[in-house]
Asks: 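This is the structure I want to talk about, given as structure tokens.
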Amino acid sequence: MKESLSITNLGPIKQVVLTDLSDFIVLIGESGSGKSTIMKVLALFRWLFKMQNLRSYLKHSNISKSPFKFRMETYLRNCGLDGFVNSKTSITYNATAPSGRVYEVKYSNNRLSGTSNGELIDNNDVSFIKISFISETRNIIPLWAEKGAQLAGGYLGFYFHEVYNDFELATNSLKEFNVPFLDLKFAVRKTSQGKKFMIGAVDKDGYEINFKDSSSGTQTSVPISVLADYFSSTFNAEEAFNRSIFKYLSTSDRLTDFKPVVNISEINRKVFMHIEEPELSLFPDAQCMLINSVVEKCFLNNKHDMGIILSTHSPYIVNHLNLLIRSFDTNHKGTGLDYDRLNVYQIIQGEAFDLKVKNQRLINTNPLSETIDRIYNEYNKLG
């Protein structure tokens, strides 16, 4: 599936057009430049397209009444984007199926089209999309897991609860998980009070502490690694699709009408992970090793077709991408990343600038060195 996204007049975003989005997308820029806004819009419109796929599958399967009501105001509020919308806001998302057919989801003039005008996705193009948004609030996961039962009814925002639910599913069958970029292991202990998450030394005779008492870098990076491993290996897409379909059928008492025209096992599948600031609280070496781990799990040892987008402030991560590209091009035995599967954009004051150097298979990191150059020049001026 090929994608493109266009955003006009949305909060900090003036005009951003991203075409031919690749499997691995990196957005780098200053705080408030619009990185997270772009990523949240992409996640939301992928979800709307997912709902369009589910609705089409049901209609092709003899469920004529539309099972979904699209309330854009609610979705924008959940994503924290409602305050950014104005009368000139326009967002267009296009998905091109393997057949070549293009499906559009558009928001303009405060109205949503493509998902609400009766357009169906062709039988052969129907897909199931899993969307995971790993927000910067993931550092609360260890404490919430420890205190969640005491905080029943507590609400920490849409994205936190979405990623926490994914983390819960990912750790249901997990016992121990090595975290090589931190030289640690993550363990799940089943107790009468539920699951306990532990962090310990790789050495069997080493220490083991509660996850909530581990370092801040451990608390922010372990959920990323665990979820990348889960979605790339043990996530059951057919089961998730079944849950989505039969949840509606059972509540609407339409099971007897349901006559599937496409086998679920034959439906195209894609897992998208959206990661905010993977570098949080990590030393530069660990940042790069975390990216290695994500690339290995999601693109080299993956069971599912996967897409990754991350927003970052870290020039170390972007510089490291050149090493991964070079490793791929030279068939090095280490982790590598195909240049053609990568997009890198610098977001400056609501606009996106492509950092890929055409015909050189290289990411231009010079704009990211300006701060170091300025510090060096000011140092020399001090004599």
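Treat the numbers as computed from the prediction; the structure is a model and nothing was measured. All residue numbers refer to positions in the sequence shown, counting from 1.
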Asks: Sequence neighbours left out, what passes side chain to side chain contact (heavy atoms under 4.5 Å, CB included) with S22? Give chain and number order.
Replies: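 Listed in chain order: N343.
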Asks: Could you please spell out the steps behind the side-chain hydrogen bond (donor to acceptor under 3.5 Å, both in side chains) verdict for D125 and Y103?
Replies: CA-CA 10 Å; D125 293 338; Y103 299 97; 2.7 Å; yes
Asks: Assess the residue pair N302 and F231 against the criterion (side-chain contact (heavy atoms from CB on, under 4.5 Å)); give the C-alpha distance rounded to whole Å, side-chain angles, the decisive distance to 0.1 Å, and a yes or no.
Replies: CA-CA 8 Å; N302 52 315; F231 287 125; over 6 Å; no
Asks: Would you check if the side chain of K212 reaches a backbone N or O of I141 as a donor-acceptor pair within less than 3.5 Å?
Replies: no
Asks: What verdict does the side-chain hydrogen bond (donor to acceptor under 3.5 Å, both in side chains) test give for Y93 and E3, after you've listed the backbone C-alpha separation in whole Å, the side-chain angles of each residue and the deciding distance to 0.1 Å?
Replies: CA-CA 7 Å; Y93 168 84; E3 302 172 287; 2.7 Å; yes
Asks: I'd like to know if the side chain of E208 reaches the main chain of M198, judged simply by a donor and an acceptor atom lying under 3.5 Å from each other, with no hydrogens or angles considered.
Replies: no
Asks: Mark yes or no: K356 above the aromatic ring of Y339, with NZ or CZ under 6.0 Å from the six-membered ring centre and no more than 45 degrees from the axis.
Replies: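 Output yes; distance and angle both within limits.
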Asks: Cut-off 3.5 Å, side chains only: do T92 and E104 have a donor facing an acceptor?
Replies: no
Asks: What distance do L5 atom CG and I38 atom CD1 have between them, rounded to the nearest 0.5 Å?
Replies: 8.0 Å
Asks: What I want to check is whether the side chains of H320 and N292 have a donor and an acceptor closer together than 3.5 Å.
Replies: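 Looking only at side-chain atoms, N292 and H320 do form a donor-acceptor pair, the distance falling under 3.5 Å.
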Asks: Counting heavy atoms not belonging to R341, are there more than 12 under 6.0 Å from its CZ?
Replies: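 Buried by this count: over 12 neighbours within 6.0 Å.
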Asks: For Y75 and Y107: C-alpha separation, side-chain torsions, deciding distance, then whether ring-ring contact (aromatic ring centres under 6.0 Å, His included) applies.
Replies: CA-CA 12 Å; Y75 304 144; Y107 179 78; over 10 Å; no
Asks: Parallel, tilted or perpendicular, judged at 30° and 60°: which one describes the rings of F128 and F235?
Replies: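 Parallel.
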Asks: Without swapping roles, check the side chain of N377 against the backbone of D373 for a donor-acceptor pair under 3.5 Å.
Replies: yes
Asks: Any donor-acceptor pair under 3.5 Å linking the side chain of R138 with the backbone of E276?
Replies: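 Judged by distance alone, yes, a pair lies under 3.5 Å.
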Asks: We want to know whether T171 and K195 form a side-chain donor-acceptor pair, criterion being a heavy-atom distance below 3.5 angstrom.
Replies: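 Yes, side-chain donor-acceptor contact under 3.5 Å.
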Asks: Could you tell me whether the side chain of S314 and the main chain of I317 form a donor-acceptor pair under 3.5 Å?
Replies: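 Checked: pair present.
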Asks: Between R77 and E73, does any side-chain N to carboxylate O distance fall below 4.0 Å?
Replies: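 Salt bridge between R77 and E73, a charged N being under 4.0 Å from a carboxylate O: no.
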Asks: Under a plain distance cut-off of 3.5 Å, with no hydrogens placed, do E296 and T335 share a side-chain donor-acceptor pair?
Replies: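 T335 vs E296: donor-acceptor pair found between side chains.
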Asks: Between the side chains of D329 and R361, is the shortest nitrogen-to-carboxylate-oxygen separation below 4.0 Å, so that they form an ion pair?
Replies: yes
Asks: Is it possible for you to say whether V318 and M39 belong to one hydrophobic cluster, with membership spreading through side-chain heavy-atom contacts below 4.5 Å?
Replies: yes
Asks: Relative to each other, are the rings of F133 and H274 parallel, tilted or perpendicular (30° and 60° limits)?
Replies: parallel
